[in-house]
Structure formats: structure tokens, C-alpha cells
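As a basis for the values below, the full set of heavy atoms in this structure was taken, side chains included, without hydrogen atoms, waters or symmetry mates. Letters A, B, ... are given to chains in the order of the sequence lines, protein chains preceding strands, and every chain is numbered from 1.
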There are 2 protein chains.
Amino acid sequence: MARPRSFDEQELLETVMKAFWRRGYSATTYRGIESITGVGIRSLANTFGEKDELFLAVLASYRGRVSRNLDLMFESPSIDSIVRFFERISSPSDAEDPRRNGCLMVNTVFEVDKPTAAVTQEIAQYRDLFRRVFRESLESDQVPDPEIRADFLIGALWGAFSQIRLTRDPTSAKPISSIVVETLEIWRGLVPPRRPAA
Amino acid sequence: MARPRSFDEQELLETVMKAFWRRGYSATTYRGIESITGVGIRSLANTFGEKDELFLAVLASYRGRVSRNLDLMFESPSIDSIVRFFERISSPSDAEDPRRNGCLMVNTVFEVDKPTAAVTQEIAQYRDLFRRVFRESLESDQVPDPEIRADFLIGALWGAFSQIRLTRDPTSAKPISSIVVETLEIWRGLVPPRRPAA
DNA sequence: CACTTATTGCAACTAGTGTTGTAAAATAGA
DNA sequence: TCTATTTTACAACACTAGTTGCAATAAGTG
């Protein structure tokens, strides 16, 4: 019995997500979102609340997107899955692809100075997505110390995102990816948890 | 024949550096610097110019500091030097230590949205510091593909800094460091440039 | 057709920040 | 002691961005 909204929430979140991904949190102004989406400031504020909350909704949406991708790529987790994942990370992208700016979550870690508890939790959950698929993949190939190695892989991944963010070019992470892949191949043969002879 | 400055430039740059390191670029306001250092805004502007230029001076100072440290640690470059370096990165720090916030340069890569050409160049030079010592270290132990592996190590390092920045605790990078060290030990035995048998 | 209710557009308000002008203060040298 | 010259303190300016109030508008529903 009232006027319906003139825009679709999910669709708008996608658009806003690209803006935050491309320009970062503080450079993406509320008024800028207005002109990009065509939705007035007042409607945005009515629907999502203040900027923090809109951003949080965007992060949740981003995490959902990545989660679905990971479910596909790691449907049967294995070292090969990880290899494919790292090769995809450093694959080329055109000028419109927001992947040129790395990872929205990693960018947020650095840009938002005093993150809300909700933002911190969102990032932790995001990190755990990778932790889980990496660990399961390593376990399925009987690699020793899967938790520690999963943390290492997350580190290498975030380093790759840093490199991409610096150069605005995913292919600049190829050296990192290639050595990660080489290391994964070595791990395949690591039945006893110690290093080969020097 | 004129009034001398009431503060020491280098000393002030050190103080300001810690502020930028701790709180980031935009959260460190010109007025905040005034109250931290006791030096008036007008004097700061007279001496260093606008905020960009002050920040650039801080970055240069930071790079000089790191460069001197690296010269010491890699005086005779070797794999052992890299191992010691990664172990130091993830060593504990007290609450006052700005190392809790990771690396000022990496933070800058993410925080400053449209970096000046001068800032970009500063970051590139900083990155080359590590590139060089890593490469020389790998070469001295005859590890194959030293350039690519140096890039990988920079990636792992930046991933470690990301992790530290996320948790505000250097020891959270220990898993990353430990696997990097393990990988370095493996590289020692890599005389032919290919992987061991699976 | 009227009425209720949420949405929307406009504009104002507030807070914070970089920057700059001006005049007073201070110091080294003549 | 006087003077030239720089530093310094204070304050104002300009601009940006998040937030909010209010009235007009539009769409379901009886």
C-alpha cells in the first residue's frame, strides 16, 4: 500500500561495488554514487543507512560473489585446483575489469583506518573462505602441515594482489604465481614433512 | 642574519613518519602534526610546502632508513641473509613499535588513490631495494631464475605485511615466514632449474 | 476515486581539512 | 643598538563530504 522502489537493491549493490573496488572507500563519495547509479542520495540513505552500512552491504555482496566462485573452482579440492586458481589470478584483464585493482577486501584492510567490528568480521570471514579451500586442497593431496601452508598461500595471494594493485595489471603477478605453482609441485612429493637433502 | 628554525628537520621528519606510518596519509592531518610536534602549521608549510611534499619527504626518509638496514643485513648476501630477514620481519613488537602497522610504503600503495609521479617513483625505488638484495642473495647461492624468485619473495614479503597490517601484530606473519624459509632451503638444492621428481 | 505510506528531489547544515594572508616576534650581523 | 630577514601565531577562507529535514510525488489498496 505504498510506493515501491524504483531500483533493484542487488543490481545497485553490484554497481556500487565496482565503484568502491575501483576508487576505494573514501574516494567513492555518496554524491558520486548518486550520479553513477542515478539513484538519489536520499533514497540511498533511506535504503542502506549511512555510508558505513552501505559499504558493509557491498562487502557482504562481494564475499558472496567470491564464495560462489570458490565453490565452483574447488568443487573437488586438490593441488591442481590451487594451481588453476593462481593461474587465473594473474590472467590478463581489459581496462574495464575491476580485477585491475586487486581485491576489494585486501584494499579495504589497508584503506579503512579504524574498521568497524562488522567490517573486521567481514574480512575475517572472507579470509576464512580461502583458508578453508586451500587447506582442504592440501589435505586431499596429503601435504603435511596444511594449516600453515594454507596461511602461506593466503600470504602469497595477498602479495599478488598487492603487486596487481601497484601496477594495476594482473599479469604483473605472474612471477609470483609461477613460483607458487612450482612450490605446489614440490609439495606434492613431500611425504615426510621435512625438506629434501641439501 | 635571520631568525633560525626552532626545530630540527630530520628529527621532525622522524616524528611525522611515525604518524603517517601509524595512521595513514589522509588520517594524518596537518593540524594533527602541529599538535604532535609542537611546530605550527605555518612553519611546516614554510619548510616543506604542501602536504604532498611533506609526505614525499617522509617517504624518502623512510626509504633511506630501510636502505641502511638492508645494507647491514645483506652485507654478504646469501640465502641465509634472506632467512634472517624474514625471521626478523615476523618477530614480536611492543605496542609503540610502528612495525605493527606493516610497511609504510605498502600501506601507501593501497591508501593513496591517485599517487603523484614522484610518489610512484619513490615506491618503485623502494621495491628495487628488495629486488636487488634478494636477487644478489639468490645468485650468490646459484639459485636458478633469480629475478623471478626475487619477485616472488617480494610478493611473499608484501603478503606478510598485509597480514601484519590486518592483525596489527608482526608475529601473525610467522606461518608465511616459516614456509618461505622452508622454500629457501629447498632452493638451495635446486642445481638444475627444474623440480624434483613427483 | 480517495487515502495511506514510502519514495524521492532539493537544499541546507555541520564538521573537518588543506591552504594562505598578515602582522608580530625573534635573532644574527653591522 | 639598530636593522634586515626569517620564523611563527592566529585566524580566515574555500572546499568537500556526510548527513538530515521537508515537502512534493507516486503507487498500491479499499
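Checking C/dT17, D/dT19, C/dT19 against the side-chain heavy atoms of A/Glu50 singles out D/dT19 as nearest. Residue A/Arg5 places its side chain closer to C/dT8 than to any other of C/dT8, D/dA17, D/dT7. Relative to the side chain of A/Arg42, the nucleotides D/dG18, D/dA9, C/dT8 differ in distance, and C/dT8 lies closest. Distances were taken from every side-chain heavy atom of B/Ile41 (C-beta onward) to each of C/dT19, C/dT7, D/dT7; the shortest belongs to C/dT19. Which of D/dA9, C/dG18, D/dT19 sits closest to the side chain of A/Tyr30 comes down to D/dT19.
In this structure, B/Lys51 places its NZ atom 12 Å from C1' of C/dG16, rounding to the nearest Å. B/Phe48 places its CZ atom 16 Å from the P atom of C/dG18, with the value rounded to the nearest Å. Note: OH (A/Tyr25) to C1' (D/dA17) measures 11 Å, nearest angstrom. One atom, CG of A/Leu44, and another, P of C/dC10, lie 14 Å apart when rounded to the nearest Å. Regarding A/Glu34, its CD atom lies at a distance of 13 Å from the P atom of D/dA17, rounded to whole Å. Here the P atom of nucleotide D/dA17 and the CG atom of A/Leu54 are 16 Å apart, to the nearest Å. Rounded to an integer number of Å, the gap from CG of A/Asn46 to C1' of C/dT5 is 12 Å.
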Does B/Arg100 form a salt bridge (charged side-chain N to carboxylate O under 4.0 Å, His left out) with B/Glu96? I'd like the steps, not just the answer. CA-CA 8 Å; B/Arg100 291 182 84 86; B/Glu96 303 307 315; over 6 Å; no
Evaluation steps, side-chain contact (heavy atoms from CB on, under 4.5 Å), between B/Phe152 and B/Phe134: CA-CA 10 Å; B/Phe152 165 80; B/Phe134 287 160; over 6 Å; no
For A/Asp80 and A/Arg188: C-alpha separation, side-chain torsions, deciding distance, then whether salt bridge (charged side-chain N to carboxylate O under 4.0 Å, His left out) applies. CA-CA 10 Å; A/Asp80 288 332; A/Arg188 243 195 251 279; 2.9 Å; yes
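Comparing the start and finish of the helix from C/dC1-D/dG30 to C/dA30-D/dT1, five pairs each, the helix axis swings through 0°, to the nearest 10 degrees.
Taking for each of B/Gly40 and A/Ala45 the nucleotide of DNA chain D with the nearest heavy atom, the 5'-most of the two is the partner of B/Gly40. Position along DNA chain C of the nearest nucleotide to B/Ser26 versus A/Val39 favours A/Val39 as the more 5'-ward residue.
With hydrogens and angles ignored, a donor-acceptor pair under 3.5 angstrom links the side chain of B/Arg31 to the base of C/dG18.
Residues from residues 6-17 of chain A placing a heavy atom under 4.0 Å of any atom in DNA chain C, listed by number, are A/Ser6, A/Phe7.
Side chains of A/Val39 and A/Thr47 form no contact here, defined as non-hydrogen atoms less than 4.5 Å apart.
Of the possible polar contacts, one joining the A/Arg99 side chain to the A/Pro92 backbone as a donor-acceptor pair under 3.5 Å is found.
Ring-centre distance between B/Phe161 and A/Trp158: not below the 6.0 Å cut-off.
The side chain of B/Ser43 places an N or O atom within less than 4.0 Å of a non-bridging phosphate oxygen (OP1 or OP2) of D/dT8.
Evaluated for a side chain to side chain contact (heavy atoms under 4.5 Å, CB included) with A/Leu12, the options A/Thr37, A/Val58, A/Ile36 yield exactly one hit, A/Thr37.
Seen from the ring of A/Tyr25, A/Lys51 counts as a face-on cation partner, given the 6.0 Å and 45° thresholds.
The existence of a salt bridge linking B/Glu34 and B/Arg31 is excluded, since no basic side-chain nitrogen approaches an acidic carboxylate oxygen closer than 4.0 Å.
When all heavy atoms are compared, the tightest approach of A/Met17 to A/Arg65 is CE-NH1, 3.6 Å.
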